[in-house]
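The block underneath contains the structure these notes are about, expressed in structure tokens.
Being a predicted model, the structure only gives us computed values, none of them experimental. Note that ligands are numbered from 1 as they come in the structure, with each ligand's atoms numbered from 1 the same way. Just so it is clear, the values below take in all heavy atoms, side chains as well, and ignore hydrogens, waters and symmetry mates.
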Amino acid sequence: MRTIRTVTELRAALAVARREHTRVGLVPTMGAFHDGHRSLMRRAREECDVVVVSLFVNPSQFNEGADLRAYPRDERADAASAAELGVDYLFAPDASELYPNGFDTTVSVGRIGQILEGAHRGRAHFDAVATVVTKLLVITSPDAAYFGQKDAQQVLVVKQLIRDLNLPVELVVCPTVRDLDGVALSSRNLRLTPADREQARALKRALDATRDLVSGGEDDVARLQSEAVAELTGSGAQVDYFQIVDPATLAPLTTVAGPALAVVAASVGGVRLIDNQPIT
Ligand code: AMP
């Protein structure tokens with residue numbers, strides 16, 4: 001595996017691959033790899049001839065400086081992990097490579113980026129995500145790009161920009177990977193104390209309870225949401241939102257009459273966690 005720092009070098013490396021008509025896969029990440037990241041890399045490795053993993057902690061998508069400063073970084077361990085999985089290129093640019101002096105363009109998705117996470121973190125969050133993902137897609141020109149269902153709204157933001165900007169890339173969505181206790185893997189979990197971790201389990205419990213109530217015939221979203229919020233607050237989590245929404249548009253539902261998605265954001269011990277679960 002080769003670590004690459006510049007756009008020019010990455011393009012040169014991929015130009016050779018493209019001459020051989022190979023399928024290029026891109027896995028965008030912010031590093032601190034866990035099994036969620038690794039599941040994306042494995043899938044890309046299975047489906048592509050050349051696998052590029054980008055590692056870039058995008059400063060502009062953090063709405064709090066403290067969250068950015070506390071974000072875990074361990075490039076050496078990440079490089080070893082990616083190499084072990086057979087990744088070809090780790091693209092790990094400095095911020096000045098992607099955002100040189102004078103950089104002044106924003107890719108701004110509309111409605112889908114402004115609700116839920118966009119409403120809580122500010123619309124600049126998904127603008128920053130959309131901008132960096134667009135840059136990575138344009139720089140790499142992959143045939144397929146791999147994203148996790150864990151960040152369900154991010155998937156829809158990326159889907160929107162791929163469609164609107166006519167980017168010739170297939171979006172591959174990989175299932176959420178969880179720890180044995182049900183907590184969705186996240187780089188932020190490293191900051192949870194054992195007591196926080198106990199509270200973090202409430203997110204999955206609330207999602208499971210919702211799914212089970214729906215299977216049992218409950219279709220009233222207000223009742224489902226209040227049960228879930230009671231589970232979360234009873235466990236000590238601070239709830240930003242728990243909503244049951246249309247999986248394609250994230251529009252709030254009032255009754256569950258078809259496919260739905262339960263989405264949750266809550267803080268435990270000052271660490272903000274998100275999770276979601278499809279309800280069929
Ligand atoms: P991040 O480094 O947090 O920006 O995540 C990079 C990619 O990994 C994104 O597409 C995430 O959705 C995905 N990802 C993060 N956590 C998980 C997980 N627990 N299961 C599956 N994919 C994940």
Original post:
Distance only, no hydrogens: is a donor on one side chain within 3.5 Å (strictly under) of an acceptor on the other, for T193 and D196?
Top reply: yes
Subject >> N/O donor-acceptor pair under 3.5 Å between R73 side chain and Y71 backbone >> reply: yes
**OP:** Determine whether the side chains of Y241 and Q225 contain a donor N or O and an acceptor N or O closer than 3.5 Å.
**Re:** no
**OP:** Output yes when a side-chain donor or acceptor of Q243 lies under 3.5 Å from a complementary backbone atom of L250, and no otherwise.
**Re:** no
Extract all N/O-N/O pairs under 3.5 Å that connect ligand 1 to the protein, and present each with both atom names and the distance rounded to 0.1 Å.
{"from": "ligand 1", "atom 1": "2 (O)", "to": "M30", "atom 2": "N", "distance (Å)": "2.9"}
{"from": "ligand 1", "atom 1": "2 (O)", "to": "H37", "atom 2": "NE2", "distance (Å)": "2.8"}
{"from": "ligand 1", "atom 1": "5 (O)", "to": "H37", "atom 2": "NE2", "distance (Å)": "3.4"}
{"from": "ligand 1", "atom 1": "10 (O)", "to": "G148", "atom 2": "N", "distance (Å)": "2.9"}
{"from": "ligand 1", "atom 1": "12 (O)", "to": "G148", "atom 2": "N", "distance (Å)": "3.2"}
{"from": "ligand 1", "atom 1": "12 (O)", "to": "G148", "atom 2": "O", "distance (Å)": "3.2"}
{"from": "ligand 1", "atom 1": "12 (O)", "to": "D151", "atom 2": "OD2", "distance (Å)": "2.6"}
{"from": "ligand 1", "atom 1": "16 (N)", "to": "L185", "atom 2": "O", "distance (Å)": "3.4"}
{"from": "ligand 1", "atom 1": "19 (N)", "to": "V177", "atom 2": "O", "distance (Å)": "2.9"}
{"from": "ligand 1", "atom 1": "19 (N)", "to": "L185", "atom 2": "N", "distance (Å)": "3.4"}
{"from": "ligand 1", "atom 1": "19 (N)", "to": "L185", "atom 2": "O", "distance (Å)": "2.9"}
{"from": "ligand 1", "atom 1": "20 (N)", "to": "V177", "atom 2": "N", "distance (Å)": "2.8"}

Subject >> side chain to side chain donor-acceptor pair (under 3.5 Å) contacts touching residues 125-145 (sequence neighbours left out) >> reply: S108-D127
Subject >> Under 3.5 Å donor-acceptor, E218 side chain and D220 backbone >> reply: yes
